[in-house]
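All remarks here apply to the structure that follows.
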Amino acid sequence: MKLEQILHKEELTKEEIIFLLNLTDNNDQQKLFDRADEIRSIYCGNEVHLRGIIEFSNYCEQNCLYCGLRKSNSKLSRYRMTPEEIIETARVISNQGIYTIVLQSGEDNYYDTDLIAYIIYQIKQNTNAAITLSLGERSFNEYREWKIAGADRYLLKHETANHDLYSVYHKKQKLEDRLSHLSFLKTIGYQIGSGNIIGLPMQSVEDIADDILLCKKLDVDMAAFGPFIPSPDTTYKNKTAGDVDLTLRTMATARIVLKKVHIPATTALATIDDEGRIKGLNAGANIVMPDLTPSPYRKLYQIYPDKKCINDNPLNCKGCLQLQIEAIGRKISSSRGDSLKLVEQMKD
Ligand code: SAH
């Protein structure tokens, strides 16, 4: 089948997804990006939503082979922000006109059910922002408590849809568990985000096709595809980074397959390519997730090295992004940017 036909099909088979992911000719690749951009504009419009991330703790009880926060990494200086620091940072972010706060950390049970609930409640009292939690796998009861406290969304990337590779990368953790957590979160009313890492050792293009199809099956509200970046003091420190073009093809193909979802131009993509954010926004993405963790902590959240904008003052971030986004004819949204599926349901 011709490329043009595939790009205009309503439903894509796995073989067709693999075909798109494998495109090598520059013109063909550009056709894929242009079609994704067109579908993005139909379903998401021209607005780009910002999600301000507060990385409030780099302690982690897991040992993911690719991640610099892994428990066995004794070289990393660990920090925990106080609840007051987190709440104050959220207030500053929302005062800048950024209406999603992402609370992210390693898996750190120091912040127990009540402490996280308190932080959520206080942020909701003090801002108009939506709250996304990205705390890794916690108990079902905690998810419930935090929903009641006011959390809106949960970001938990499945990382890879390949069961065997998942067990290799995560040792103690199982893909089935991750997926049951995502389904539960959705059932109790969270907007959910998932996604993968592109270019992890041993991953095939077929695995990436499965990642896209898994996002479809989970009916995610956001799908994040970011390149692997080798991190020092991890098992995979000497492995090759994920490929920029393959990441862009994955995002574009995901836009064509998933349509009404939020897709971020990830910080990892911006880190390995100076133009990564703009390339991503032109290939199907409609979200940017700036790291707004205050100093001195921001330098220490080293999931991978040399993170984009790590030495910048987070207060300058929105202005800087605004210039870049407006330069490509888009604009920063002043809404919370809830699930496109939810917005649709409320209209019905
Ligand atoms: N503890 C939380 C947040 C983890 S960090 C959780 O488990 O969900 C956020 C994301 O960083 C992870 O989901 C993973 O996809 C990504 N990540 C970690 N190490 C990475 C690396 N070396 N390269 C690229 N992305 C990485």
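Owing to the predicted nature of the structure, the values given are computational and were not obtained by experimental measurement. As the structure lists them, so they are numbered: ligands from 1, and atoms in each ligand from 1.
Residue-ligand proximity: C60 is placed with every non-hydrogen atom at 4.0 Å or more from ligand 1. Heavy atoms of S105 come nearer than 4.0 angstrom to ligand 1 in at least one pair. For the ligand labelled ligand 1, residue H170 lies outside the 4.0 Å heavy-atom shell.
Residues D211 and H158 meet the side-chain proximity criterion, which asks for heavy atoms closer than 4.5 Å. Looking at L65 and K171, their side chains come closer than 4.5 Å, going by heavy atoms from C-beta outward.
Closest of all the heavy-atom pairs between D207 and Q203 is OD2-CA, 3.6 Å.
The N/O atoms of Y66, backbone and side chain alike, include one that comes under 3.5 Å of an N/O atom in ligand 1. Distances between N or O atoms of S134 and those of ligand 1 include no value under 3.5 Å. Here's the thing with C67: none of its N/O atoms is less than 3.5 angstrom from an N/O atom of ligand 1.
Of the candidates K260, R153, K186, K341, D221 forms a salt bridge (Lys or Arg N to Asp or Glu O under 4.0 Å) with just one, namely K186.
Only side-chain heavy atoms of E159 come within less than 4.0 Å of ligand 1; its backbone N, CA, C and O stay farther off.
Every atom of ligand 1 is numbered from 1 in the order shown, and the set under 4.0 Å from a heavy atom of K157 is 13 (O), 15 (O).
Side-chain N or O atoms of Q173 include none that pairs as donor or acceptor with a backbone N or O of H170 at under 3.5 Å.
Distance remark: protein heavy atom not present below 4.0 angstrom from atom 10 (C) of ligand 1.
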